[in-house]
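Predicted model only: the values in this text are computed from it and were never measured. Proteins come first, then strands; the chains are lettered A, B, ... in the order of their sequence lines, and each starts at number 1.
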Amino acid sequence: MTVRVRYAPSPTGLQHIGGVRTALFNYLFARAQGGAFVLRIEDTDQERYSEEALEDIYATFEWLGIVWDEGPDRGGPYGPYFQSQRLARYHEAVQTLLDAGKAYECFCSAERLAGLRSEGARDGVLGYDRRCRDLTEEQRAAYRAEGVTPVVRLKVPEQGAASFEDMLLGTVKRKYKDLSPDPIILKSDGFPTYHLANVVDDHEMAISHVLRAQEWLSSTPLHILLYEAFGFEPPRYCHLPFVTGKDGQKLSKRHGATSVVEFRKQGYLPEALTNYIALLGWSYDDSREFFALNELERLFSVEKLNKAPAVFDYKKLEWFNGNYIRECSSERLFELMRPYLETAGLLPAGNETREAAIVRNAVPLVQERLKLLSEAPELLKFLLAEITENYAAEELIPKKMDAAAAKALLNAVRPVVAAMEHYDDEQLEAEFRRLAEQHDTKLGNVMMPLRVAITGSRTSPPLIGSLRLLGTERALARIDAAIAKL
RNA sequence: GUCUCCUUCGUCUAGUGGUUAGGACACCGGGUUUUCAUCCCGGCAACAGGGGUUCGACUCCCCUAGGAGAUGCCA
């Protein structure tokens, strides 16, 4: 059997972690099985459709390196891949159900339905009361004459049960009477609901396996019923556990960033995100957790999936990101940092600028200190701009020392810095050590006032490298400014 | 309320009848280091509860509890 899977987002919002993980698992499953991965756009909700959301789908997966074999932008033998372009098929499908007496037109108003729903919630009764199920042709004609546009509902049997084998969960059974009574499959605007469209399309697109979030589990029996009504063979289902926030509820804004663009803006690398997300509900073994996408494409298997929901751990993602940043080549990291530095106004456009040269040389100094690319401006600004924020004079004074001592230290260090061109790094450090001995103190106490004078902060990249990048002239000016403060 | 699914350290997980229940993140100590970070070493910490089945249960079955999802002319 040829494996064909799909990711079927609806363009109603930005791609979020949960959706992307579903897409990733489908993609990996397809690759591992030598099958095809299809993108289908479920744009059947006219109200919530957004062009921006559609573009976000393309941008997100391009960034992540996840490509589909068939889709609206690539074409394929099973198109069109926009559901809004497949309406005729749904209408045809609905007609066969109507003709077979397996579905019926319902003329109830949205208001009546809302009333039913709130009563039902109060009394613990489920959904629609099936009022239109057995309308006569005359009654239907009367409604139509009044100008009421009907919806179409599927007849759910009152007896019996639907069951299916979930690849992860095993046998799932549900009595028909526990299903929503006669759900709507065709809306009054002529668009199908998810239930209908997904069944018709998965069948027509020859989808063999459906990996989707567990929120769909409770409507799967309904989908099975639909397949039976059409006489179609249902695909194999695999319902993926949720990704939740700390409180165990579905991941949402309350918990932090949820959309991929947000993570991207914060300076996560795509490989860190895919690696981490792949481990949410899936694992390879007890000793490995670093995986490149192309390795996952080989190694992914449904058998290693977990049933329990997974809490999204921002800290661990960050740790992954730091690891991947450290693995970058200097040139790549430079390019990755560039947009952050540019928008901070620290780096002019262009490759041959003085600033670009400084940043290139600074990469080794910051690489192992960076967890997020967005931290780059803060770490590098002392090299690219004047120290504008006025650090407090006390910062210059090492612990257990006074201002006079700090001042003496800076004065002593100044001539060494002035001559630094004549030393290599080791010699320069030796000079600082010599000074420390002369002042009967630790090296750290010599370096700290200098560090603050040069970088404006007690934490900074390695000082000697920073001095070199800053240059003798600017370094001396900052030392003088510091001395003046004391 | 009803239905469905789930349950190993705080978190992600390994584990498929016999293990001192392993790893990673986080956290806490210590070491290296010019600060920070990296790196290295060490520590803390879990089988939800109760019944079975079995010579033996984290592993199999049942119940309870807890959590989550569904219950839309949204997907």
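- In this structure, the CD1 atom of A:Ile17 is 16 Å from the P atom of B:C12, given to the nearest Å.
- Checked against B:U13, B:G22, B:U11, the side chain of A:Asp286 finds its nearest nucleotide in B:G22.
- Distance A:Leu305 CG to B:U13 C1': 13 Å, rounded to the nearest Å.
- Residue A:Gly281 is in sugar-phosphate contact alone, with no base atom involved, counting any heavy-atom pair closer than 4.0 Å across all strands shown.
- One atom, CZ of A:Phe290, and another, P of B:A24, lie 11 Å apart when rounded to the nearest Å.
- The residue among A:Asn323 and A:Leu280 whose nearest nucleotide of RNA chain B lies closer to the 5′ end is A:Leu280.
- No more than 12 heavy-atom neighbours from other residues, nucleotides or ligands sit within 6.0 angstrom of CD on A:Glu47.
- Listed pair A:Ser10 / B:C74 fails the phosphate criterion, with no side-chain N or O lying under 4.0 Å from OP1 or OP2.
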Below 3.5 Å is the cut-off: list the nitrogen or oxygen pairs between protein and nucleotides 44-48 of chain B, distance only.
none

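- Pairing for B:A21 is absent, with no Watson-Crick or G-U wobble pair whose two atom distances lie under 3.5 Å.
- Taking atom NZ of A:Lys304 as the reference point, atom C1' of B:G15 lies 9 Å away to the nearest angstrom.
- Look at the P atom in both B:G23 and B:C40: the space between them is 15 Å, to the nearest Å.
- Base pairing of B:A57 is not made with any nucleotide, judged by Watson-Crick or G-U wobble geometry with both donor-acceptor distances under 3.5 Å.
- Atom CD of A:Glu395 and atom P of B:C36 are 14 Å apart (whole Å).
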Taking only nitrogen or oxygen atoms into account, show me every contact under 3.5 Å that the protein makes with nucleotides 33-35 of chain B, one pair per line with its distance.
residue : atom : partner  : partner atom : Å
B:U34   : OP1  : A:Glu429 : OE2          : 3.1
B:U34   : OP1  : A:Arg433 : NH2          : 2.7
B:U34   : O2'  : A:Arg451 : NH2          : 3.1
B:U34   : O2   : A:Arg451 : NH2          : 2.5
B:U35   : O2'  : A:Arg458 : O            : 3.0
B:U35   : N1   : A:Arg451 : NH2          : 3.3
B:U35   : O2   : A:Ser460 : N            : 2.7
B:U35   : O2   : A:Ser460 : O            : 3.1
B:U35   : N3   : A:Arg451 : NH1          : 3.2
B:U35   : N3   : A:Ser460 : O            : 2.6
B:U35   : O4   : A:Pro462 : N            : 3.3

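- Picking from B:U7, B:A75, B:A26 the nucleotide with the shortest atom distance to the side chain of A:Lys315 gives B:A26.
- Dashed line: the shortest gap from a side-chain N or O of A:Arg288 to OP1 or OP2 of B:A24 is not under 4.0 Å.
- Between the P atom of B:U11 and the CG atom of A:Leu251 lies a distance of 16 Å, rounded to the nearest Å.
- Between A:Tyr7 and A:Phe37, the ring centre distance reaches or exceeds 6.0 Å.
- Among all heavy-atom pairs drawn from A:Asp178 and A:Leu126, the shortest one is O-CD2, 3.4 Å.
- For A:Arg40 and B:A75, the CZ to P distance is 12 Å, given to the nearest whole Å.
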Check nucleotides 66-73 of chain B for protein N or O atoms closer than 3.5 Å to its own N or O atoms and list the pairs.
residue : atom : partner  : partner atom : Å
B:A68   : OP1  : A:Gln249 : NE2          : 2.7
B:A70   : O4'  : A:Ser218 : OG           : 3.1
B:A70   : O2'  : A:Ser218 : OG           : 3.1
B:C73   : OP1  : A:Arg117 : NH1          : 3.2
B:C73   : O2   : A:Ser188 : N            : 2.8
B:C73   : O2   : A:Ser188 : OG           : 2.8
B:C73   : N3   : A:Ser188 : OG           : 3.0
B:C73   : N4   : A:Cys108 : O            : 3.4

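- Judged by a 6.0 Å distance limit and a 45° cone about the ring axis, A:Lys371 is not positioned over the six-membered ring of A:Phe320.
- Nucleic acid contact class of A:Asn198 (heavy atoms, under 4.0 Å, all strands): none.
- For A:Arg153 and A:Tyr128, the positive end sits near the middle of the six-membered ring, less than 6.0 Å away and at most 45° from its axis.
- Backbone-only contact: A:Lys173 has heavy atoms under 4.0 Å from sugar-phosphate atoms and none from a base.
- Counting non-hydrogen atoms of other residues, nucleotides and ligands closer than 6.0 Å to NZ of A:Lys175 gives a total of 12 or fewer.
- Between A:Phe263 and A:Tyr268, the ring planes are perpendicular. Angles over 60° get that label, and only those under 30° would be called parallel.
- Within the shown strands, B:U64 is the pairing partner of B:A48 under the Watson-Crick or G-U definition, both distances less than 3.5 Å.
- Place A:Leu168 and A:Ser287 on RNA chain B by their nearest nucleotides, and A:Leu168 ends up nearer the 5' end.
- With C1' as the reference atom, B:C58 and B:U53 are 16 Å apart, rounded to whole Å.
- The side chain of A:Lys316 contributes no N or O atom lying less than 4.0 Å from OP1 or OP2 of B:C27.
- Separating the CG atom of A:Asn275 from the P atom of B:U13 is a distance of 14 Å, rounded to the nearest angstrom.
- Here the CD1-CZ distance, from A:Ile454 to A:Arg478, works out to 7.0 Å after rounding to the nearest 0.5 Å.
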